[in-house]
Number of protein chains: 2
Amino acid sequence: MRPTKRDELVEKALAAFYRNGFHATGMDMLASETSISKTSMYKHFRTKEELILAVLRLRDENFRNWLYRRIEELAATPQEQLIALFDALEDWFKEPGFRGCMFIKASSEYQDAGHPIHRQSADHKRMLETYVIGLAQKAGYRDPAALARQLLLLKEGAIVTAHLGHTERPALDAKQAAIALLESSEK
Amino acid sequence: MRPTKRDELVEKALAAFYRNGFHATGMDMLASETSISKTSMYKHFRTKEELILAVLRLRDENFRNWLYRRIEELAATPQEQLIALFDALEDWFKEPGFRGCMFIKASSEYQDAGHPIHRQSADHKRMLETYVIGLAQKAGYRDPAALARQLLLLKEGAIVTAHLGHTERPALDAKQAAIALLESSEK
DNA sequence: GACAAAGTGAACAGATCGGTCCATTTACTA
DNA sequence: TAGTAAATGGACCGATCTGTTCACTTTGTC
């Protein structure tokens, strides 16, 4: 089954929005860049906002799938996987087109906490939190939720620091901090 | 000496950009919101970009002054001040108009690492780093730079998490992680 | 009270914004 | 092969974008 035109649009729009930002990427630019007519775009999505929401759904799926698999490749036990998270980050930061976290950027452009785009970005972060809490639970920590939240602060910090580009290897700094946190956390 | 019209413009533009974003805030909206004519605005700044750069300079000055003073209010020794950083964050997050870090948002909208706005945002982060390294040095840590980078990852993470709003008290999580990091860092 | 500097409002430019419309062409399927 | 659904290009809408121009008014100073 070939990917539908709709999927193709969302995929290419994802690349354009990620590289160029949301407000800065117009629907005409999108049409020419994706080689999909504006008429078609507006047949699939009633507004630009709906398209962005679809893009963010795809991004969430892609990113979490990639991350979870990469972490499993890198480490076998939950304990080690909590650390491997930061090795995976380093891989991501090194990718040529890296431009930060799409959800942080989305919430930067759609700031109102009640805005659908902002809310969907928060949902993504919540799902990541659930995943890391699960790892911390399996690893046997006494307060897995608190530990997960702390590790995720390091993750978010590393991402924005990598994008800002004022520090050499934020993923490595985060990893070392994570190791220290794990060692000082009670089981 | 009264503040000049230029200062007044930059100050009000700061509030508008912070609340509303950069691309989403047009020069006409800015003119009506600041009660300063467009003609005047363009007499002080040749382009919107130049105005944004002036706004970011003011924001950097305001924010660092506020933060440094708040930290000194909250704690007396460098050791305690490294922790008080996160109490200051909590104060900030609780402010009614809190909408995240202006520099993270600026770099989210002007993503290219070579763009003046992106570069200036990175400069702000570097200056904060210098300050925290100084505290870590005075507190007598063996590797003050590494420790400062780790603490700042927690800070950036807490800011974006507070803005996303998917977690209850990110500043408190960050503070507890910071305490653990400090305890496990060699002097 | 004259003069220059600074600020004003409003119209204007050309480009782009999100979104609509329509006649035509392509592609799948009965 | 006929019919239908999907996709196309391009014109078009009103609004908004950054930035300019101009004639007029305010303001502070000598």
Side-chain angles (χ1 to χ4, degrees), chain A residues 1-58 105-106 108-112 115-118 120, chain B residues 1-58 105-106 108-112 115-118 120:
Chain A
M1 193 170 91
R2 308 217 323 271
T4 69
K5 209 81 183 174
R6 193 195 131 110
D7 295 338
E8 191 188 330
L9 166 59
V10 175
E11 208 168 308
K12 289 182 176 171
L14 165 47
F17 283 130
Y18 183 72
R19 181 180 5 97
N20 215 49
F22 297 94
H23 285 91
T25 303
M27 295 300 270
D28 287 286
M29 182 202 291
L30 221 47
S32 77
E33 193 156 328
T34 63
S35 307
I36 293 172
S37 71
K38 236 172 111 172
T39 317
S40 262
M41 297 178 46
Y42 275 101
K43 206 157 281 178
H44 288 297
F45 301 97
R46 279 165 48 223
T47 61
K48 183 184 184 182
E49 184 181 314
E50 283 191 14
L51 172 59
I52 291 176
L53 289 172
V55 162
L56 292 182
R57 272 190 291 275
L58 177 63
K105 295 191 291 184
S108 293
E109 293 205 44
Y110 303 90
Q111 301 194 65
D112 193 278
H115 194 292
I117 293 176
H118 193 107
Q120 192 161 313
Chain B
M1 193 170 90
R2 307 221 323 274
T4 69
K5 209 84 182 167
R6 192 195 132 111
D7 294 340
E8 192 188 330
L9 166 60
V10 175
E11 208 169 309
K12 290 183 175 172
L14 164 46
F17 284 132
Y18 182 72
R19 180 178 9 93
N20 214 49
F22 297 95
H23 284 93
T25 304
M27 296 300 270
D28 286 287
M29 181 203 293
L30 223 47
S32 76
E33 193 154 328
T34 63
S35 308
I36 292 170
S37 70
K38 237 170 106 174
T39 318
S40 260
M41 297 176 47
Y42 277 101
K43 208 160 277 179
H44 288 297
F45 301 98
R46 279 166 48 225
T47 62
K48 183 183 183 180
E49 184 181 312
E50 281 190 15
L51 172 58
I52 292 177
L53 288 171
V55 162
L56 292 182
R57 270 190 292 275
L58 176 62
K105 296 191 291 185
S108 292
E109 294 205 44
Y110 303 90
Q111 303 195 61
D112 194 279
H115 194 291
I117 293 177
H118 193 108
Q120 193 163 311

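We name chains A, B, ... by the order of the sequence lines, and we start the count at 1 in each one. Being a predicted model, the structure only gives us computed values, none of them experimental.
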Please list, chain by chain and in numerical order, all residues satisfying ring pair (Phe, Tyr, Trp, His ring centres under 6.0 Å) with A/H44, sequence neighbours excluded. none

Partner set under side-chain hydrogen bond (donor to acceptor under 3.5 Å, both in side chains) for A/R57, not counting sequence neighbours: none

Going 5' to 3' through nucleotides 4-19 of chain D and flagging B where a protein heavy-atom sits under 4.0 Å of the base, S where only the sugar-phosphate is that close, and - otherwise, we get ---BBBB------SBB

Restricting to side-chain hydrogen bond (donor to acceptor under 3.5 Å, both in side chains), what partner residues turn up for B/T25, sequence neighbours left out? B/N20

Give every residue pair that meets the salt bridge (Lys or Arg N to Asp or Glu O under 4.0 Å) criterion with at least one member in residues 39-49 of chain B, sequence neighbours excluded. B/R46-B/E50

Identify, with sequence neighbours excluded, every residue that meets side-chain hydrogen bond (donor to acceptor under 3.5 Å, both in side chains) alongside B/Q111. A/K105

